[in-house]
Amino acid sequence: MLVREAMSTVVLTIGPAHTLRQAAALMSARRVGAAVVHDPDAGGIGILTERDVLISVGLGQDPDTERAHAHTTTDVVFAAPSWTVEEAARAMAHGGFRHLIVLDRGEPAGIVSVRDIIRCWAPARERAQQVPA
């Protein structure tokens, strides 16, 4: 299966000046675990994840004053829609992250998460384990 078939096309995009509280509220409302941060001044596209927000709050930082740009990962590994889900899973395992921004012609087309990959693999595994009667 290809990433284009597994990815979520719901891409939450925020700006670098959003507070962490604003980002968390938007992620929660859309039921996503990551937001694409578009910051042309800092090199383009980054990602802010629920883990980034959690780390900040755990450090005692104020989510009403902390800005997304200070917590955004800018050294991002991007997936292509033509990647297999196995390639995406390998990139996630190697990099230690749970979300990949999918770029198509240089623009965010979706996000593929570990949950998306599991959703794809679970039915295939179930079919493989079924034994004919």
Side-chain angles (χ1 to χ4, degrees):
M1 178 175 277
L2 299 179
V3 165
R4 75 170 47 90
E5 299 166 283
M7 71 183 189
S8 170
T9 56
V10 175
V11 179
L12 172 61
T13 302
I14 64 172
H18 276 80
T19 67
L20 291 187
R21 184 175 309 279
Q22 290 169 325
L26 291 167
M27 287 190 281
S28 177
R30 287 170 177 78
R31 301 178 52 92
V32 297
V36 172
V37 181
H38 182 67
D39 188 355
D41 295 334
I45 299 172
I47 190 166
L48 178 76
T49 67
E50 57 201 356
R51 184 182 299 169
D52 298 322
V53 175
L54 184 65
I55 289 169
S56 175
V57 171
L59 291 171
Q61 296 174 337
D62 183 353
D64 290 315
T65 59
E66 288 296 311
R67 303 292 173 177
H69 71 85
H71 302 277
T72 298
T73 299
T74 55
D75 184 22
V76 179
V77 174
F78 297 103
S82 59
W83 280 17
T84 64
V85 292
E86 289 81 6
E87 288 172 301
R90 201 171 12 258
M92 289 178 191
H94 183 262
F97 43 81
R98 298 177 294 169
H99 300 87
L100 280 171
I101 299 171
V102 182
L103 290 185
D104 190 10
R105 295 180 185 99
E107 295 296 321
I111 292 185
V112 65
S113 69
V114 170
R115 180 178 293 152
D116 296 324
I117 292 171
I118 291 169
R119 200 174 296 134
C120 293
W121 283 349
R125 185 173 172 89
E126 289 171 9
R127 285 191 303 275
Q129 292 178 344
Q130 291 176 347
V131 178

Practice task
Under the side-chain contact (heavy atoms from CB on, under 4.5 Å) rule, what do Thr72 and Asp52 come out as? Steps first, then yes or no, please.
Solution key: CA-CA 8 Å; Thr72 298; Asp52 298 322; over 6 Å; no

Problem - Shortest non-hydrogen contact from Leu2 toward Ser82 - result: CD2-O, 3.5 Å

Practice task
Indicate, with yes or no, if Phe97 and Val114 share a hydrophobic cluster defined by side-chain heavy-atom contacts under 4.5 Å among Ile, Leu, Val, Met, Phe, Trp and Tyr.
Solution key: yes

Fill in the blank from the handout: Rounded to the nearest 0.5 Å, the CD1 atom of Ile111 sits from the CG atom of Asp116 at a distance of 9.5 Å

Handout entry: Considering all heavy atoms, the nearest Met1-Cys120 contact
Key = SD-SG, 3.1 Å

Exercise for the section: Considering non-hydrogen atoms only, spot the tightest contact between Gly46 and Val76 and give its length. Expected result: CA-CG2, 3.9 Å

Problem - Side chain proximity check, Leu103 to Ile45, heavy atoms < 4.5 angstrom - result: yes

Exercise for the section: Nearest 0.5 Å please: distance from the CG atom of Leu20 over to the CD1 atom of Ile55. Expected result: 11.0 Å

Handout entry: Under 3.5 Å donor-acceptor, Glu87 side chain and Thr84 backbone
Key = yes

Completion exercise
Nearest heavy-atom approach of Ala91 to Val77 is CB-CG1, 4.5 Å

Practice task
Could you tell me the separation between the NE2 atom of His71 and the CD atom of Glu66, rounded to the nearest 0.5 Å?
Solution key: 3.5 Å

Problem - More than 12 heavy atoms from other groups under 6.0 Å of CG on Asp64 - result: yes

Exercise for the section: State plainly whether one hydrophobic cluster holds both Leu54 and Ile47, where clusters connect Ile, Leu, Val, Met, Phe, Trp and Tyr through side-chain heavy atoms under 4.5 angstrom apart. Expected result: no

Problem - Gap between atom CZ of Arg21 and atom OG of Ser56 - 0.5 Å precision - result: 10.5 Å

Exercise for the section: Please check if Leu12 and Val53 belong to a single hydrophobic cluster, counting links between Ile, Leu, Val, Met, Phe, Trp and Tyr side chain heavy atoms closer than 4.5 Å. Expected result: yes

Exercise for the section: Write down the atom of Thr49, the atom of His99, and the distance for their closest heavy-atom approach. Expected result: CG2-ND1, 4.1 Å

Practice task
Check the hydrophobic clustering (I, L, V, M, F, W, Y; side-chain heavy atoms under 4.5 Å; chains of links allowed) and say if Val112 and Trp83 are grouped together.
Solution key: yes

Handout entry: ILVMFWY cluster, Met92 and Ile118 together (side-chain gap under 4.5 Å)
Key = yes

Problem - Side chains of Gln22 and Ile14 in contact at under 4.5 Å (non-hydrogen atoms) - result: no

Exercise for the section: Sorted by first residue and then second, give each side-chain hydrogen bond (donor to acceptor under 3.5 Å, both in side chains) pair with at least one member in residues 2-18; sequence neighbours left out. Expected result: none

Problem - Exam field: side chain Arg98 to backbone Ser113, donor-acceptor pair closer than 3.5 Å - result: no

Exercise for the section: Locate the shortest heavy-atom distance separating Gly96 from Arg51; write the atom from each residue and the value. Expected result: O-NH1, 3.7 Å

Handout entry: Separation of Leu26 CG from Leu48 CG (nearest 0.5 Å)
Key = 10.5 Å

Handout entry: Pairwise distance OG1(Thr19) to CZ(Arg67) - rounded to 0.5 angstrom
Key = 6.0 Å

